[in-house]
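Here is the structure we will look at, set down as structure tokens.
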There are 4 protein chains.
Amino acid sequence: MAGVNKVILIGNLGADPEVKYLEGDKVVANISLATTEAYKDRNGNRVEQTEWHDLELWDQQAKIAEQYLKKGSQIYVEGKIKSDKWQDEQGQNRKKIRIRVLNFTMLGGRPEGGGMPQSNEMSSPASTPTRSAQPAPEMKEIEDDDLPF
Amino acid sequence: MAGVNKVILIGNLGADPEVKYLEGDKVVANISLATTEAYKDRNGNRVEQTEWHDLELWDQQAKIAEQYLKKGSQIYVEGKIKSDKWQDEQGQNRKKIRIRVLNFTMLGGRPEGGGMPQSNEMSSPASTPTRSAQPAPEMKEIEDDDLPF
Amino acid sequence: MAGVNKVILIGNLGADPEVKYLEGDKVVANISLATTEAYKDRNGNRVEQTEWHDLELWDQQAKIAEQYLKKGSQIYVEGKIKSDKWQDEQGQNRKKIRIRVLNFTMLGGRPEGGGMPQSNEMSSPASTPTRSAQPAPEMKEIEDDDLPF
Amino acid sequence: MAGVNKVILIGNLGADPEVKYLEGDKVVANISLATTEAYKDRNGNRVEQTEWHDLELWDQQAKIAEQYLKKGSQIYVEGKIKSDKWQDEQGQNRKKIRIRVLNFTMLGGRPEGGGMPQSNEMSSPASTPTRSAQPAPEMKEIEDDDLPF
DNA sequence: TTTT
DNA sequence: TTTT
């Protein structure tokens, strides 16, 4: 049967996206995303629990991520769980889980670099000053699910 | 900020739940769940991709899983991604990801054992014949999120 | 900002889909879907609450629904909330909300007509006997979001 | 069967929450939330589509909404679809759909009032100046699903 | 109007 | 290891 494998995250980037340009015009971006949950423990003390997720974006989405996301950005993500398997040097079976991003949206958060007159617009990362600020793409339109794995 | 970390799955159990009774009245069930996606490759051939998920259920939910779920059962699951970290024998940092189940529901599928007059009811696993068939609990009511980690 | 408007339902059809073929090769299917929730009231009595949802499917999805779904079918649905507004005969503003289905999957439930050797396959509705049983399409592949409204 | 009826929204408040204190310590907040989707039409022109949702929050959540949300606030919402039915003056059956909020989270957006040192914290609405700024509650902890309808 |  |  066709199953369902869906992940929804809201969190902040722990670092700028890592982008690689591969042969054949493929582009992949890897992002480390923190989702934080807070609760009270049995003594009534507030405890924070942070989970780090490895996100993987391809092609058009990877390029948008490279252009608009940076360390600290808050995003909404939809994707699916996907595992890579291999054998390590000891011949042990290993498995790594990533979130394959199907679409994402930037959320609030006036970029700290300042200068932007309103919230919610996207900033060009300070680290890529050669890119001038551009009209923000409508991210929800960009869905990239042609890679089935 | 309070983030969002949500997983939604529909799939089939690869084996009967593994249930452990711990000290302090704690119960944990581990389930291996397959979500299958089918697509056509570039040659138009149908390809199936199966992802296996490690689910973890606690206490009341673990008991219900033990009682009603078995190999092959189809379920809907809501939960969150949760990682365990440790060092292996080589002193390498290791990380294992599980889905902490917050609620689940059994889906269709008249149990093959027969005898059940209607679809959708839950079957007592053949492997635990000492439990007689019982009225199915309303699974959606049973949410178990008191363990924050 | 690009927002998020997402609906996830699992329920049963209250009747066969109503399908209309429009000019320009457009097809629309309307489906009434029941989602049932059970809970205990303050006296400990089990109460059932059913919500009926008006689903709207277009084109390829509408055709699949026509072919494979019927009264009683259990489905998983992803879609978005969409309102139609108009003025009634009294000149009052009216609003009707529908779920625009973006993708759906049939769930378990051996069709009661019998004859099908395994669970989970799709049945040709008894009411359209001229359509012979066909290989089930992989429904998750069929996403239809080209109509933005 | 226990069904699934889930709504996930990210959008902005069209106005301050409307809060009513009812007898028996019940509190209800009504919120009008806009989710905006943008797409290109067949001529390549960018079109925006906004859907307005009627949200309903109860008790503890209603109070938090009153205290921290205001016109323009961006929030993430999880809830379920819920309809009210009645007969209008003409004796016609009428139905109104609301989103019963089960939990919500404030998103980014440094409040325009200024003064707040960091992004993501919540602001006390200017319209309730008698409430001094308070430590932001962890909203994800506050789930209110004891009202089953 | 479904389903259990 | 499931399911179709």
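Letters A, B, ... are given to chains in the order of the sequence lines, protein chains preceding strands, and every chain is numbered from 1.
For the pair Lys20(C) and Glu18(C), the salt-bridge criterion is not met [side-chain N within less than 4.0 Å of a carboxylate O]. Under 4.0 Å is where a charged nitrogen must lie from a carboxylate oxygen, and between Asp54(A) and Lys96(A) at least one such pair does.
dT1(F) atom C1' lies 16 Å from atom CD of Gln49(B), rounded to whole Å. Put simply, CD on Glu37(C) is 16 Å from C1' on dT2(E), counting in whole angstrom units. Separating the CG atom of Asn12(C) from the C1' atom of dT4(E) is a distance of 9 Å, rounded to the nearest angstrom. Here dT3(F) presents its C1' atom at 14 Å from CE of Met106(B), a figure rounded to the nearest Å. Atom CG in Asn30(B) sits roughly 18 Å away from atom P in dT1(F) (whole-Å rounding). Atom CG in Leu9(C) sits about 21 Å away from atom P in dT1(E), given to the nearest Å. To the nearest angstrom, P of dT3(F) lies 15 Å from CG of Leu107(B). In this structure, Gln74(C) places its CD atom 14 Å from P of dT4(F), rounding to the nearest Å.
With Glu51(D) contributing its side chain and Ser83(C) its backbone, the two residues share a donor-acceptor pair below 3.5 Å.
Counting distance only, with no hydrogens placed and no angle test, the side-chain atoms of Thr50(B) and the base atoms of dT2(F) include a donor-acceptor pair under 3.5 Å.
Among the nucleotides dT4(E), dT2(E), dT1(F), the one closest to the side chain of Arg46(C) is dT4(E). With distances taken from any side-chain atom of Ala15(B) to the nucleotides dT1(E), dT4(E), dT1(F), the minimum falls on dT1(F). Nearest nucleotide to the side chain of Thr36(B), out of dT2(F), dT2(E), dT4(E): dT2(F). Closest to the side chain of Glu48(C), out of dT1(E), dT4(F), dT3(E), is dT3(E).
Here Trp52(B) does not count as stacked on dT2(F), because the ring centres are not under 5.5 angstrom apart with planes under 30°.
Taking Asn30(D) as the reference, nothing meets the side chain to side chain donor-acceptor pair (under 3.5 Å) condition, with sequence neighbours excluded. Scanning for salt bridge (Lys or Arg N to Asp or Glu O under 4.0 Å) contacts around Lys95(A) gives an empty result, with sequence neighbours left out.
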